[in-house]
J.: 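To start, I am sharing the structure in question, which I have written as structure tokens.
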Protein chains: 2
Amino acid sequence: MYICPMYSSELIKGTLKTIILKLLSENKEMYGYEITQKVKDLTDNKIQITEGALYPTLHALENDGIVTTEIVNIGKRVRKYYKLTPKGKNSATEKVTEFADFINTMKFLLDIKPQLG
Amino acid sequence: MYICPMYSSELIKGTLKTIILKLLSENKEMYGYEITQKVKDLTDNKIQITEGALYPTLHALENDGIVTTEIVNIGKRVRKYYKLTPKGKNSATEKVTEFADFINTMKFLLDIKPQLG
DNA sequence: TGCAGATACATAAAACTCTTATGTATATTT
DNA sequence: AAATATACATAAGAGTTTTATGTATCTGCA
């Protein structure tokens, strides 16, 4: 069985909220499992969000008023959709902006050259 | 008193080892306090490594054979210099390469455009 | 000369985030 | 029929960082 090359877990730490907020800012509403698959697809399996990390984070975002939820029945199964609040939209923008700035700082600090392609 | 704008602490998580290894790969040997100041200077105060994070990390690097240490007396004070081992040089290269790749993935995922300037 | 701030190390408790493991249940594919 | 995928959830443990504390020397300046 093939194990895809993932980033070391410490690298991904601290980026989970940013990723979730960005996806929600683009998709109006998403459910948890959908988020994990989207991230997996978009990153060519390099970033795989685990459920143990995802669900507690989503619950925290709800508690903080960043997202609201809506439970939808799909046949006999349940989906919980998450949607950004106005406050959440601001948070999303801020988080992504901060991360972009952070990337530039790290590129300078680590002397990383931009790549062609 | 002016408080400089730092990145949110979660953003910096997981990057400490990479930063340390990169600096050591460029400077042959450095001591702990020097590392904190260098990072502060190079990032315009945006990244400030705390001692409580730095020293345990340096000790872990030593235990893992990534660095060796040399204690030097400066007057009546003591400095502990850290230097990469051959294994550590490989680790430094790997960590920086991995981070560069990670940055590209995140830029794509977060749809971050390259900036002019 | 005395005091603040900088230099320089270190550790420990607490907080925070993520991994790993486990649990429940339905739907689909082989 | 069984394995895999979908879909939620929580909890113990691991790992990293923050915050707090401790020790000690050196420098600048008022």
J.: Measure the distance from CD on A/Q48 to P on C/dT20 and round it to the nearest whole Å.
T.: 12 Å
J.: Please pick, from D/dT18, D/dA7, C/dA27, the nucleotide with the shortest atom-to-atom distance to any side-chain atom of A/Y31.
T.: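 The closest nucleotide is D/dA7.
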J.: Nearest-Å distance, CD1 (B/I35) to C1' (C/dC9)?
T.: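 Those two atoms, CD1 and C1', are 13 Å apart.
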J.: Specify the residue among B/A53 and B/Q37 whose closest nucleotide of DNA chain C lies further upstream toward the 5′ end.
T.: B/Q37
J.: If only atom types and distance count, is the side chain of A/E98 paired as donor or acceptor with the main-chain N or O of B/S8 below 3.5 Å?
T.: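 A pair under 3.5 Å: yes.
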J.: Is it the case that the side chain of B/T69 and the backbone of B/K80 share a donor-acceptor pair, with hydrogens and angles ignored and the cut-off at 3.5 Å?
T.: no
J.: For the side chain of A/K80, counting heavy atoms from C-beta on, which of D/dA9, D/dT18, C/dC9 is nearest?
T.: D/dA9
J.: Taking the minimum atom-to-atom distance to the side chain of A/R77, which one of D/dA7, C/dC18, C/dT11 wins?
T.: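 Closest of the options to the side chain of A/R77: D/dA7.
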J.: Check whether any side-chain N or O of B/K87 sits under 3.5 Å from a backbone N or O of B/D64 as a donor-acceptor pair, and report yes or no.
T.: yes
J.: With a non-hydrogen cut-off below 4.0 angstrom, is A/E51 in contact with a base, only sugar-phosphate, or nothing?
T.: base
J.: If you count the non-hydrogen atoms of other residues, nucleotides and ligands that lie under 6.0 Å from NZ in A/K38, is the total more than 12?
T.: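 At most 12 heavy atoms, drawn from other residues, nucleotides or ligands, come within 6.0 Å of this atom.
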J.: Whole angstroms only, please: what is the CD1-C1' distance between B/I49 and D/dT18?
T.: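 In whole Å, D/dT18 C1' and B/I49 CD1 are 14 Å from each other.
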J.: Could you tell me the separation between the OH atom of B/Y82 and the C1' atom of C/dA8, rounded to a whole number of Å?
T.: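 So the two atoms are 11 Å apart, to the nearest Å.
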J.: Mind checking if B/L16 touches a base, just sugar-phosphate, or nothing, with heavy atoms under 4.0 Å?
T.: sugar-phosphate
J.: Can you tell me how far C1' of C/dA10 sits from CD1 of B/I71, to the nearest Å?
T.: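 Those two atoms, CD1 and C1', are 12 Å apart.
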J.: Once you round it to whole Å, what is the distance between C1' of C/dA12 and CG of B/L54?
T.: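 Those two atoms, CG and C1', are 16 Å apart.
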J.: Go through D/dT16, D/dT19, C/dT20 for me and flag the one nearest to the B/T50 side chain.
T.: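 Within the option list, the nearest is D/dT19.
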J.: Between A/H59 and D/dT10, is there a contact of a side-chain N or O with OP1 or OP2 at under 4.0 Å?
T.: yes
J.: What is the distance, rounded to the nearest whole Å, between atom OH of A/Y55 and atom C1' of C/dT22?
T.: 15 Å
J.: Roughly how many Å is it from CG in A/D64 to P in C/dC16, rounded to a whole number?
T.: 12 Å
J.: Please work out if A/G32 contacts a base, only the sugar-phosphate, or nothing of the nucleic acid, heavy-atom cut-off 4.0 Å.
T.: sugar-phosphate
J.: Could you check which of D/dT10, D/dA5, D/dT18 has an atom nearest any side-chain atom of A/Y33?
T.: D/dA5
J.: If you measure only the distance, is there a donor-acceptor pair under 3.5 Å linking the side chains of B/Y7 and A/T105?
T.: yes
